K.L.:
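To start, I am sharing the structure in question, which I have written as structure tokens.
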Protein chains: 2
Amino acid sequence: MGSRGVTIAEIAEAAGVSVPTVSKVLNGRKGVSAATRRAVERLLDERGYERRGRPGPGSGLIDFVISSLDTQWATALLRGAQAEAARLGADLVVTTTQGRPVGTPDWVEHLAERGSDGVVLVVSELLDAGRAELERLHVPVVLVDPVGSGSQPFATVAATDWAGGRDATEHLIRLGHRRIGFITGPIEQVCHRDRLDGYQAAMRRFDLSADPDLVRHGNSLVDGGRRLGAELLDLAQPPTAIISGSDEQAYGVYQAARERGVRIPEDLSVVGFDDVELCQWISPQLTTVRQPLAAMAREATRMVIELSRGGVRPTPRLELATSVVTRASTAPPPGTRRPGGTARHETRSPA
Amino acid sequence: MGSRGVTIAEIAEAAGVSVPTVSKVLNGRKGVSAATRRAVERLLDERGYERRGRPGPGSGLIDFVISSLDTQWATALLRGAQAEAARLGADLVVTTTQGRPVGTPDWVEHLAERGSDGVVLVVSELLDAGRAELERLHVPVVLVDPVGSGSQPFATVAATDWAGGRDATEHLIRLGHRRIGFITGPIEQVCHRDRLDGYQAAMRRFDLSADPDLVRHGNSLVDGGRRLGAELLDLAQPPTAIISGSDEQAYGVYQAARERGVRIPEDLSVVGFDDVELCQWISPQLTTVRQPLAAMAREATRMVIELSRGGVRPTPRLELATSVVTRASTAPPPGTRRPGGTARHETRSPA
DNA sequence: CTGAAAGCGCTTACAG
DNA sequence: CTGAAAGCGCTTACAG
């Protein structure tokens, strides 16, 4: 690996200070003027000084950070990341944030001390402050399904959420639906915002006014789906179809429907989002917008590892295609003569 | 953390050789007699010498090794391990073996180089050779749901599999079943063997001859359940109930039953094993033997971390209780007058 | 705040 | 095969 690494002596020489002074800066000791400290830190940074004790780049560890592992969405992503890390000979450290903000100085310092070759972040709580901290780590960071708009200093991997929202809506419109409800997870997250935009675009394109009453957002788990689904079903003019922000949330809609004696798909069509295993277990099997979750995580992990090995900067933003997987939860709306003159526009059997 | 760690000089002194000689042994250099090398290695070992470059104990990393992450069983275990590691301030490295043997010299050397504070092993393929290698690591190892009999040099955490098999069987017997089929995963694994023993004990206790034709084993995934379930349902005298080695396998039995027009639970009762999320998604909801998977992994992880921090040797074997969770897939056998005079003997709502 | 000096743990030639 | 000697990268205690 070329040179044996910069030494503290070289840094001292370059900074015009003594070796002990650099040592003090390195160890956060007192007794160094702010100006000197800053100058030395800059040099340390520039020359890529690697603390001998600390296993810097080359630890072989990639950090996979996700809000929680409690959903099938999360485990699908984890599987992809783990498989790719293994394939490329890296070890994957799995951390959950449990709602805590990401990129706190503590955590970044912990990563620096332990040694991390890169970070795959699947989190909604990335603080703006956290971004700056993370950049200080000097290891590649790739975001999966990132939140917040604003320019990212990091590369991102996502799905074509807008197209997914549009395709789900068109699938229902082609079946003959006109009153289509749309429920999503937290609307602050770009993926949900994008899908909603896709829905609205499809509705407009077919000259259907998107009744704002038919759009709800909240929790994307089963509970949220049950509550938001109930709200829609209890409207004076309920929708004949509901598109949901996740498969789990869609199952909550199933529950709300069952509680009201509404049959799926005879009285109500339901479309999920993600295509996790759940879709095939529940009855009727759930039509959904497939996100290639494992592939997204694989791609992000590959980017991080290749960058950590000196690869060139990849596409700053990668979007993998979604596709509608038609199963048994969607059908023409009640009262339709023929079962929707138009054929279902895409049928894919699950992998 | 007491002393600053053994130095090469101390080892040299103890071995009656010079510092450079110890250094050579440490770095695998030539020019050391076999006898000296051996003596030094032993001292290094005994005194717990920690190579400065290598982040030995204290890396804060715990390795979680599992055959694959593709089942809900696996992710339930992972969740428990991850949560406990986070709680105790350790980072969890997740590795899948994908059927490869565990404890190969390569892998052990990799762990040594990278630094690992301990290993939680959830694997069926632990080689006997691997055990010796793993012991050389000098970090705590705890097995979850271990395979093979023979005395383990490592602590183990498991569920009360024997009682689980017995309880599932008794539950069905109390409902009035007499012909009860039993299908399991690979019978080499002690957990499956133990459950089968529990089944046979219960059958004997109720003076029911366990027809060997009613016992099958193979793959514990959906496919396996479908195939093994089909074999039982196609018998001249098919069982009125089937106990399965996993919930996924039980779902395979659902498929086999559906393909033959056999209704669950009217014509056939089905009991699963594990109590993963799947049980609640499928229809009818699956009665199952609950294994506290997350708790098992938590316990194993806690043991490893505490041992790595100097805790005392824990119980060599820990078994957490299973319990029958009664849902909709079990009922009295067809042709029964009253719906089983005996009440279902345990009802637990899922967490 | 700063650095000359001593020291620590280890490695690298190299002489025997 | 073995180790005295020199050296390396860093830290520590202390004088200015």
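Hydrogens, waters and symmetry mates are skipped; everything else that's a heavy atom, side chains included, is used. Letters A, B, ... mirror the listed sequences (proteins, then strands); counts begin at 1. Here the structure is a predicted model, which means the values were calculated and not measured.
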K.L.:
Atom CD1 of I8(B) to atom P of dG9(C): distance rounded to whole Å?
P.N.:
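Spelled out: CD1 on I8(B) to P on dG9(C) is 11 Å.
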K.L.:
Using Watson-Crick or G-U wobble pairs with both distances under 3.5 Å, give me DNA chain C in dot-bracket, 5' to 3', with [ ] for crossers and | for pairs to another strand.
P.N.:
|||.||||||||.|||
K.L.:
Taking only residues two or more places apart in sequence or in another chain, which ones pass side-chain hydrogen bond (donor to acceptor under 3.5 Å, both in side chains) with S68(A)?
P.N.:
none
K.L.:
To the nearest 0.5 Å, what is the distance between CD1 (I66(B)) and OG1 (T97(B))?
P.N.:
8.5 Å
K.L.:
Is there a donor-acceptor contact under 3.5 Å from the side chain of D117(B) to the main chain of G60(B)?
P.N.:
yes
K.L.:
Of the options dG9(C), dC1(D), dC1(C), whose atoms approach the side-chain atoms of S33(A) most closely?
P.N.:
dC1(C)
K.L.:
Could you state the atom-to-atom distance from CD of E10(B) to C1' of dC8(C) in whole Å?
P.N.:
12 Å
K.L.:
Counting side-chain heavy atoms from C-beta on, which of dG3(C), dG3(D), dG9(C) comes nearest to K24(B)?
P.N.:
dG3(D)
K.L.:
Hey, could you give me each pair passing side-chain hydrogen bond (donor to acceptor under 3.5 Å, both in side chains) that has a residue in residues 5-17 of chain B? Not counting sequence neighbours.
P.N.:
none
K.L.:
Looking only at the side chain of V19(A) (C-beta and beyond, no hydrogens), which of the listed nucleotides dT11(D), dG3(D), dG3(C) gets closest?
P.N.:
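When the side chain of V19(A) is considered, dT11(D) is the closest of dT11(D), dG3(D), dG3(C).
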K.L.:
Calculate, to the nearest 0.5 Å, the distance between atoms CD and CG belonging to Q291(A) and L77(A) respectively.
P.N.:
8.0 Å
K.L.:
Please enumerate all residues that pass side-chain contact (heavy atoms from CB on, under 4.5 Å) together with R79(A), with sequence neighbours excluded.
P.N.:
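T75(A), E277(A), L69(B), D70(B), T75(B).
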K.L.:
Atom NZ of K30(A) and atom P of dT11(D): how far apart are they, to the nearest Å?
P.N.:
19 Å
K.L.:
Measure from the side-chain heavy atoms of S23(A) and tell me the nearest of dT12(D), dG3(C), dT2(C).
P.N.:
dT12(D)
K.L.:
Any side-chain N or O of T36(A) under 4.0 Å from OP1/OP2 of dT2(C)?
P.N.:
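For dT2(C), OP1 or OP2 has a side-chain N or O of T36(A) closer than 4.0 Å.
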K.L.:
Strictly by salt bridge (Lys or Arg N to Asp or Glu O under 4.0 Å), give each pair with a member in residues 293-310 of chain A just once, sequence neighbours left out.
P.N.:
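Residue pairs with at least one partner in residues 293-310 of chain A: E299(A)-R302(A), R302(A)-E306(A).
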K.L.:
Hey, does the side chain of T21(B) come within less than 4.0 Å of dG3(D)'s phosphate (OP1/OP2), counting only N and O?
P.N.:
yes
K.L.:
For V19(A), is there any backbone N or O sitting under 3.5 Å from a side-chain donor or acceptor partner on S23(A)?
P.N.:
no
K.L.:
Write out a two-atom table: protein N or O, nucleotide N or O from nucleotides 4-7 of chain C, distance below 3.5 Å.
P.N.:
none

K.L.:
Starting at atom CZ of R37(B), determine the distance to atom C1' of dT2(D), rounded to an integer number of angstrom.
P.N.:
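So the CZ-C1' distance, R37(B) to dT2(D), works out to 13 Å.
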K.L.:
Quick one: OG1 on T96(B) to CG on L78(B), what's the gap to the nearest 0.5 Å?
P.N.:
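If I round to the nearest 0.5 Å, the distance is 11.0 Å.
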K.L.:
When you measure from the side chain of V32(A), which nucleotide among dT11(C), dT2(C), dG9(D) comes out closest?
P.N.:
dT2(C)
K.L.:
For a quick check of understanding: with a heavy-atom distance under 4.0 Å over all strands, which category does V22(A) fall into, base, sugar-phosphate or nothing?
P.N.:
nothing
